Novice: 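Supplied in structure tokens, the structure appears directly below.
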There are 4 protein chains.
Amino acid sequence: MSASKRQQILDTALVLFVEQGLEGAATAKIAKEAGVATGTLFHHFANKQELVSALYLAIKGELAERLPPVTSEIPTREMAGKMWQASMEWALSHPDKLRFLLAYYQSPVLTPETRRTAKFETLGFVLELIKVGQARGELANYPHELMMEVCHSLFMASAGHFIDHPDQAADPEQHQAAMTIFWNALAAPGHHA
Amino acid sequence: MSASKRQQILDTALVLFVEQGLEGAATAKIAKEAGVATGTLFHHFANKQELVSALYLAIKGELAERLPPVTSEIPTREMAGKMWQASMEWALSHPDKLRFLLAYYQSPVLTPETRRTAKFETLGFVLELIKVGQARGELANYPHELMMEVCHSLFMASAGHFIDHPDQAADPEQHQAAMTIFWNALAAPGHHA
Amino acid sequence: MSASKRQQILDTALVLFVEQGLEGAATAKIAKEAGVATGTLFHHFANKQELVSALYLAIKGELAERLPPVTSEIPTREMAGKMWQASMEWALSHPDKLRFLLAYYQSPVLTPETRRTAKFETLGFVLELIKVGQARGELANYPHELMMEVCHSLFMASAGHFIDHPDQAADPEQHQAAMTIFWNALAAPGHHA
Amino acid sequence: MSASKRQQILDTALVLFVEQGLEGAATAKIAKEAGVATGTLFHHFANKQELVSALYLAIKGELAERLPPVTSEIPTREMAGKMWQASMEWALSHPDKLRFLLAYYQSPVLTPETRRTAKFETLGFVLELIKVGQARGELANYPHELMMEVCHSLFMASAGHFIDHPDQAADPEQHQAAMTIFWNALAAPGHHA
DNA sequence: AATGAATGAGCGTTCATTCAT
DNA sequence: GATGAATGAACGCTCATTCAT
């Protein structure tokens with residue numbers, strides 16, 4: 001029961017944070033909506049800030065889990081395509097989670113520490129993929145940090161776009177377009193689509 | 001004096017919002033820091049929400065003002081390059097303003113109305129540029145909304161990256177890389193760098 | 001009006017602190033009882049702790065004001081008697097104030113800083129009196145700090161006793177006894193009553 | 001183990017109450033620090049109030065145990081001196097306990113009932129000593145209650161003073177002075193030191 | 001007896017906003 | 001227009017206490 005109460009709180013917090021913002025969602029409201037007492041929330045999370053961080057990391061972790069392992073047995077473009085597709089499928093089936101990441105990635109309420117953990121622990125595979133692609137000459141030789149930012153922002157922007165416009169998300173051509181944009185942004189000369 | 005007080009409030013609000021978040025920056029704190037009375041803030045802005053919106057639109061407007069007019073007399077790639085450079089120069093000389101846009105673009109505290117105004121009034125020229133580029137066959141024929149999201153997110157991510165890493169911002173090669181990524185993302189086949 | 005609200009809060013706080021203890025008297029209760037809004041209390045005192053300290057120092061200061069100036073023109077015993085009487089009169093006409101000092105002098109809720117201020121700023125005259133008396137050979141040559149503690153505790157205990165037992169406070173002989181105890185405690189050999 | 005848990009709780013409560021005040025020391029904190037579960041504390045003490053009272057009475061009782069029995073076979077002054085010395089030795093070797101008594105004797109958190117029990121059950125011998133001394137003409141004929149208050153307050157003040165100033169506690173002359181003050185305060189005329 | 005997760009009333013404090021001056 | 005004291009609802013959080021295990 002205890003673990004489930006913790007989870008209920010996280011689930012409810014996600015919905016309320018996305019709907020009403022971090023400050024719009026009072027801890028008492030979250031607890032009530034989750035069907036637990038106010039005190040229970042603070043039994044599981046030392047304070048509201050920690051609830052936000054825990055939620056952020058849980059979501060990033062969940063995304064990371066859904067992704068296929070990086071392998072160099074297939075061309076980088078194919079590998080990147082699989083990644084993109086898996087991520088996008090996850091995003092479209094968990095729109096609230098994507099929106100939460102989108103809304104608070106840059107917010108000052110997230111500690112740099114939390115951001116860092118999210119970046120390196122859960123997105124380490126992106127860096128790996130970039131290195132492999134560069135070694136094979138399939139990806140351009142831009143600085144790694146810049147490339148990671150580009151990966152992150154293009155995916156987030158595309159996913160957000162599709163979530164905001166479900167009609168367009170239903171069109172495979174648009175998905176194809178988004179993936180092509182992503183690939184062309186980072187491909188080495190001669191490897192563009 | 002009155003007009004200047006309004007501006008003092010906006011200037012102070014920007015700094016405090018970026019440093020401490022929207023809710024971390026109490027109106028009383030903003031007023032005090034700006035050197036005006038609490039009540040004065042509410043003479044100039046009906047409520048806090050309006051202060052946030054006014055600040056958001058003022059910043060977007062300031063950015064729009066710095067940009068060169070869209071013209072079809074030069075190749076799209078050159079035009080896009082000028083746009084990118086002018087935007088980036090503005091961003092790097094106003095890091096707080098960029099960070100503010102970055103942090104609150106996706107936040108639920110901004111009304112959809114404000115977001116819409118920002119998008120169409122101040123970023124209308126981006127759409128214009130896309131249309132011109134597509135007509136000439138220099139830009140790919142992706143859906144306009146998707147392309148605008150990509151423009152926005154790539155610029156924001158790159159500018160944020162350079163502001164966070166001033167050492168890398170000093171390297172012209174990195175700026176070149178960022179621009180190339182931007183161009184390649186949207187260029188029509190055969191027009192990649 | 002503003003100064004009076006501050007005073008209303010102090011007056012109400014005194015009563016509630018004595019009746020219900022520091023923690024029993026919620027800030028909201030104090031404000032309500034004082035006829036002001038909760039926020040007003042915090043407009044005048046940064047936090048509850050500061051309200052307690054301000055009250056403590058205000059009371060000590062009020063007592064100090066009531067006392068006659070130390071002079072060496074009369075015998076030490078007479079001088080001490082005047083002090084004692086003036087203090088006791090004040091205490092008996094402000095029983096709540098005396099009780100407040102009594103209850104919180106040793107409490108860990110008072111910062112050492114506040115205690116120190118009370119001791120030296122408002123009770124400096126006691127030290128002065130002791131020095132004069134010793135110079136004249138009328139007071140015993142015990143260490144000053146010990147003597148001050150004795151002065152303080154004998155007065156507090158006696159005043160508390162009389163406040164708890166109004167019937168005994170009405171008997172001049174008992175007051176005489178208390179004063180004699182006080183004098184004999186500190187008198188030099190040969191000067192006892 | 002059970003009896004020892006009760007004792008662990010009392011020991012820990014003493015330390016935390018003295019350090020952080022009655023309200024600063026949450027029952028959960030006490031339990032944790034004592035190495036027992038929250039619920040265990042409430043098995044041994046019906047509620048927090050009872051824990052405080054039990055602690056208060058236990059300490060008073062411990063002090064009473066250390067004292068020599070009152071006898072009329074030696075002069076009152078000698079008897080009082082033995083009492084004072086035994087009490088002071090106990091106080092100096094249990095500074096936290098003394099401080100606890102000091103801090104909460106006057107506090108409204110202690111029920112009058114507890115205070116009364118402490119006064120008559122554990123300090124009955126003081127009254128006895130006073131009566132014997134008066135019968136012999138060695139102590140002044142002041143009202144008993146006043147004399148008991150004086151005994152109590154002088155001892156508490158002196159003990160507190162020595163605990164706060166260990167350097168002065170090391171000086172036998174200061175102890176002599178404190179005892180002389182105590183005796184002179186209550187001695188009958190002609191019996192002063 | 002012992003545990004510790006759960007409770008929810010109540011706390012100290014904040015803060016957007018008002019309004020008399 | 002400008003001021004800042006005053007407001008009070010709402011917040012994050014605490015904590016004595018309970019109870020199923």
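Source: prediction; values computed, not measured. To find a chain, count down the sequence lines: A is the first, B the second, and so on, and within it residues start at 1.
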Novice: With both distances under 3.5 angstrom, what nucleotide forms a Watson-Crick or G-U wobble pair with E/dA16?
Specialist: F/dT7
Novice: To the nearest Å, how far apart are A/K48 NZ and F/dA10 P?
Specialist: 15 Å
Novice: Using purine N1 to pyrimidine N3 plus N6-O4 or O6-N4 for Watson-Crick, or N1-O2 and O6-N3 for G-U wobble, each under 3.5 Å, what pairs with F/dT21?
Specialist: E/dA2
Novice: Please find the pair of heavy atoms, one from A/N47 and one from A/F42, that lie closest to each other, and give the distance.
Specialist: CA-CE2, 3.9 Å
Novice: For D/F42 and A/G24, take the nucleotide of DNA chain F holding the closest heavy atom to each; which residue's nucleotide lies nearer the 5' end?
Specialist: A/G24
Novice: Looking at A/A31 and A/T38, what are the two nearest heavy atoms and their distance?
Specialist: CB-CA, 3.8 Å
Novice: Please round to the nearest 0.5 Å and tell me the distance separating atom CG of A/L41 and atom CD of A/E50.
Specialist: 11.5 Å
Novice: To the nearest angstrom, how far is C/L41 atom CG from E/dT13 atom P?
Specialist: 9 Å
Novice: Report the nucleotide, chosen from F/dT17, E/dG8, F/dT3, that has the shortest atom-to-atom distance to any side-chain atom of B/A37.
Specialist: F/dT3
Novice: Here's a test of your reading of the structure: between B/V36 and D/T38, which maps to the more 5' nucleotide of DNA chain F?
Specialist: B/V36
Novice: Whole angstrom is fine here: how far is it from CG in B/L22 over to C1' in E/dC15?
Specialist: 14 Å
Novice: Please tell me which of the listed nucleotides, F/dA5, E/dT7, E/dA5, lies nearest to the side chain of C/H43?
Specialist: F/dA5
Novice: Measure from NE2 on C/H44 to C1' on E/dG12 and round the result to the nearest Å.
Specialist: 17 Å
Novice: With under 30° as parallel and over 60° as perpendicular, where do the rings of C/F17 and C/Y104 fit, or are they tilted in between?
Specialist: perpendicular
Novice: Please report the distance, rounded to the nearest Å, between CD in C/E23 and C1' in F/dT14.
Specialist: 12 Å
Novice: With no hydrogens and no angle check, do the side chains of C/Q8 and C/T12 hold a donor and an acceptor under 3.5 Å apart?
Specialist: no
Novice: Measure from NZ on B/K5 to C1' on F/dG1 and round the result to the nearest Å.
Specialist: 9 Å
Novice: Calculate the interatomic distance between B/Q8 atom CD and F/dA2 atom C1'; express it in whole Å.
Specialist: 13 Å
Novice: Would you mind telling me which of F/dA6, E/dT17, E/dG12 lies closest to the side-chain atoms of C/T27?
Specialist: E/dG12
Novice: How many whole angstroms separate atom CG of A/N47 from atom C1' of F/dG12?
Specialist: 9 Å
